[in-house]
**Q** 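Take this structure, written in structure tokens, and hold onto it; I'll ask about it next.
So you know, we letter chains A, B, ... as the sequences are listed, proteins then strands, and number each from 1.
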There are 2 protein chains.
Amino acid sequence: IKALPLLQLTAESLMISSEKVAHVQLNNPLEHALLILVKSGYSAVPVLDIQYRFKGIIGKNTILNEILGLERFELERLSDITVERVMITNTPCLNKSDHFLTCLKAVMDHPFVCVVNQEGYFDGIVTRREILKQLNKYIHV
Amino acid sequence: IKALPLLQLTAESLMISSEKVAHVQLNNPLEHALLILVKSGYSAVPVLDIQYRFKGIIGKNTILNEILGLERFELERLSDITVERVMITNTPCLNKSDHFLTCLKAVMDHPFVCVVNQEGYFDGIVTRREILKQLNKYIHV
Ligand SMILES: Nc1ncnc2c1ncn2[C@@H]1O[C@@H]2COP(=O)(O)O[C@H]3[C@@H](O)[C@H](n4cnc5c(N)ncnc54)O[C@@H]3COP(=O)(O)O[C@H]2[C@H]1O
Ligand SMILES: Nc1ncnc2c1ncn2[C@@H]1O[C@@H]2COP(=O)(O)O[C@H]3[C@@H](O)[C@H](n4cnc5c(N)ncnc54)O[C@@H]3COP(=O)(O)O[C@H]2[C@H]1O
């Protein structure tokens, strides 16, 4: 099974490269983050610091949960809270050199996984769609 | 390749059955739909009519896009608009008897796909996660 060219694919060849990935910054207020998410159409995106190091993931779920008060969504609080305070930080990451099976396992529980290098710099994301596309290709071989 | 037990799996064996699927009704106001989405934690869920027939899909993207005004998110409009008016209706559906490859192709561009019978009744959903789990199992055989 190690002979399958599919299994030799690396995260680097599978990933959407960082310059094509929508993201937000650590210190952005949630108001800005929510606007980016709604305009880009993505449910969640990576959070980077000022030097493009990977810090976490922020999504509409997290933001809306944060402002859901007892009676209504308290939109005014969006300008008071920063991304850093509520983002999700315990998500698995991949390395550029990780092979296909590692990537497949990573997206089992996450719609996308960030590819990060040794120093923590953000390289890109591996999405479920890309994994499914490759599997679809090889399942027909 | 037709011999592979994986390819013989049907949508029925892959799907999350309707009783376990969070959904909203056609005539719910967006305010109710958004609450269901935030509390369930799902980005999008099926829309059913009063007889549990499949009608469309509603997600946070659609709702937030709808109320994004020029200056702010106009939350007050959420009680004025119904799910039916903004839901997405042109999504592909599956039939219980569809085989694995058909299901795989369906989730290529959609995180989940609804399983619907001839009369339009909602049977369940096939998710990317379930497809990936099965592929992960068989890729190790
Ligand atoms: N503008 C668009 N054009 C075409 N199809 C679109 C699309 N936006 C969303 N989709 C479809 O919907 C799926 C779920 O998107 P979601 O935003 O929930 O979840 C996305 C999003 O959170 C993130 N993502 C994907 N591409 C991204 C990017 N360029 N920048 C930032 N985040 C991205 O990765 C998750 C999984 O993406 P994946 O491609 O597997 O799956 C995507 C894709 O199949
Ligand atoms: N409560 C939870 N517990 C554990 N993991 C969770 C979870 N909520 C979300 N996830 C994880 O996040 C992925 C994306 O969820 P999302 O809500 O964007 O997108 C979901 C949601 O729109 C819909 N969905 C899944 N299960 C549902 C259910 N029981 N009722 C209604 N919709 C469901 O199908 C999409 C794809 O689901 P999938 O399982 O492939 O992928 C899920 C799953 O891996």
**Q** With a 4.5 angstrom heavy-atom cut-off, is it the side chain or the backbone of B:L37 that approaches chain A, or both, or neither?
**A**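 Looking at B:L37, just its backbone touches chain A.
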**Q** With a 4.5 angstrom heavy-atom cut-off, could you sort out which part of B:L64 is near chain A: side chain, backbone, both or neither?
**A**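 When you check distances to chain A, atoms from both the backbone and side chain of B:L64 fall under 4.5 Å.
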**Q** Can you confirm whether or not the ring centre of B:F122 sits under 6.0 Å from the ring centre of B:H23?
**A**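 Between B:H23 and B:F122, which both carry aromatic rings, the centre distance is not below 6.0 Å.
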**Q** Report the distance from atom CG of B:L135 to atom CG of B:L6, rounding to the nearest 0.5 Å.
**A**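 Taking CG in B:L135 and CG in B:L6, the distance rounds to 5.5 Å.
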**Q** Under a 3.5 Å distance rule, please check whether B:R53 uses its side chain to pair with a backbone N or O of B:Y121 as donor and acceptor.
**A**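 A pair under 3.5 Å: no.
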**Q** Measuring from B:Q25:CD to B:T82:OG1, what's the distance to the nearest 0.5 Å?
**A**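 Here the interatomic distance stands at 12.0 Å.
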**Q** Side chain from CB out, backbone as N, CA, C, O: work out which of these in A:L132 comes under 4.5 Å of a heavy atom of chain B, or both, or neither.
**A**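 Both backbone and side chain of A:L132 come within 4.5 Å of chain B.
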**Q** Report the option among B:G59, B:G41, B:S43 that has the most heavy-atom pairs separated by less than 4.5 Å from atoms of chain A.
**A**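 Answer, by heavy-atom pair count under 4.5 Å with chain A: B:G41.
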